[in-house]
Every structure is written in C-alpha cells, then in structure tokens.
Amino acid sequence: MPYITSIERIGIRKGQQGAIIRILEVRFENIPQELRTLIGKIENLEVLNTLLVQAVTTQSLEAFESVANQYVTEEGLELENSEPSAGEEANET
C-alpha cells in the first residue's frame with residue numbers, strides 16, 4: 001500500500017464528505033444542516049466509505065441519518081449545539 005501523507009488524507013476525507021452530501025442532495029434534495037455538520041465531523045476513512053455506500057443504497061434520509069448517528073456514537077464524536085438554549089440566551093443580555 002502506498003504511503004499517503006496527512007495532507008492527502010485530509011483531501012480524501014473532504015472529498016468523501018462532499019460526495020456523501022452531494023449524493024444525498026441528488027437523492028433527497030433538502031439535507032438538514034445538522035446532518036451536513038455530522039458528516040463533516042467524521043474523520044475515519046473507513047466510516048466515510050461505509051456512509052458513501054449507505055448514501056447510495058439507503059431507502060430514506062431518516063434511515064441514512066440513523067446509520068450516520070450510530071457511527072458517530074461508536075467513534076465517540078459529539079455534535080456541538082450550534083444554537084444556544086433559552087437559558088443561555090437570557091445570560092447573554
């Protein structure tokens with residue numbers, strides 16, 4: 001197996017993430033931002049390869065999201081809450 005530099009790995013990862021999102025867009029049109037963020041946080045190339053196949057073969061966006069969430073949970077990744085809760089909003093004033 002040829003040596004792959006860290007820069008090449010980043011390029012491969014970003015390419016796979018983009019391909020997964022594009023396939024989902026073509027198949028299901030509107031992709032929630034949360035799912036885009038989730039895909040963008042996955043760095044494991046094997047998981048991305050699996051999700052690429054899932055994007056092509058899944059029956060629904062909800063089924064894909066369920067599988068993606070399962071892999072994220074297994075990898076120990078967590079989504080950051082991008083929207084402050086009501087309590088946080090009150091503290092900012």
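A donor-acceptor pair is defined here as one N or O able to donate and one able to accept, closer than 3.5 Å; such a pair exists between the side chain of Q17 and the backbone of I42. Q54 places no side-chain N or O within donor-acceptor distance of the main-chain N or O of F64, the cut-off being under 3.5 Å. Judged by distance alone, with hydrogens and angles left aside, the side-chain atoms of S66 form no donor-acceptor pair with the main-chain N or O of E62 at under 3.5 Å.
Atom OG1 in T58 sits 5.5 Å away from atom CZ in F28 (nearest 0.5 Å). To the nearest 0.5 Å, atoms NZ (K14) and CD (E43) are separated by 9.0 Å.
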For this session: Take I31 and I39 through the test side-chain contact (heavy atoms from CB on, under 4.5 Å) and record every step on the way to the result.
Result: CA-CA 11 Å; I31 310 304; I39 293 166; 5.7 Å; no
For this session: Take R13 and L48, measure what side-chain contact (heavy atoms from CB on, under 4.5 Å) needs, and give me the verdict at the end.
Result: CA-CA 8 Å; R13 178 174 44 95; L48 288 169; 3.6 Å; yes
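Closest approach of L52 to A19, counting heavy atoms only: CD1-CB, 4.0 Å.
Residues meeting the side chain to side chain donor-acceptor pair (under 3.5 Å) test with T5, sequence neighbours left out: E8. Q16 is linked by a side chain to side chain donor-acceptor pair (under 3.5 Å) to N49, counting only residues two or more places apart in sequence or in another chain. Contacts of E25 classified as side chain to side chain donor-acceptor pair (under 3.5 Å), with partners at least two apart in sequence or in another chain: R22, R36.
Cluster annotation: L51 is not connected to I10 through the hydrophobic network of ILVMFWY side chains, with a link wherever side-chain heavy atoms come within less than 4.5 Å. Under the 4.5 Å side-chain heavy-atom criterion for grouping Ile, Leu, Val, Met, Phe, Trp and Tyr, V56 is connected to L45 within one hydrophobic cluster.
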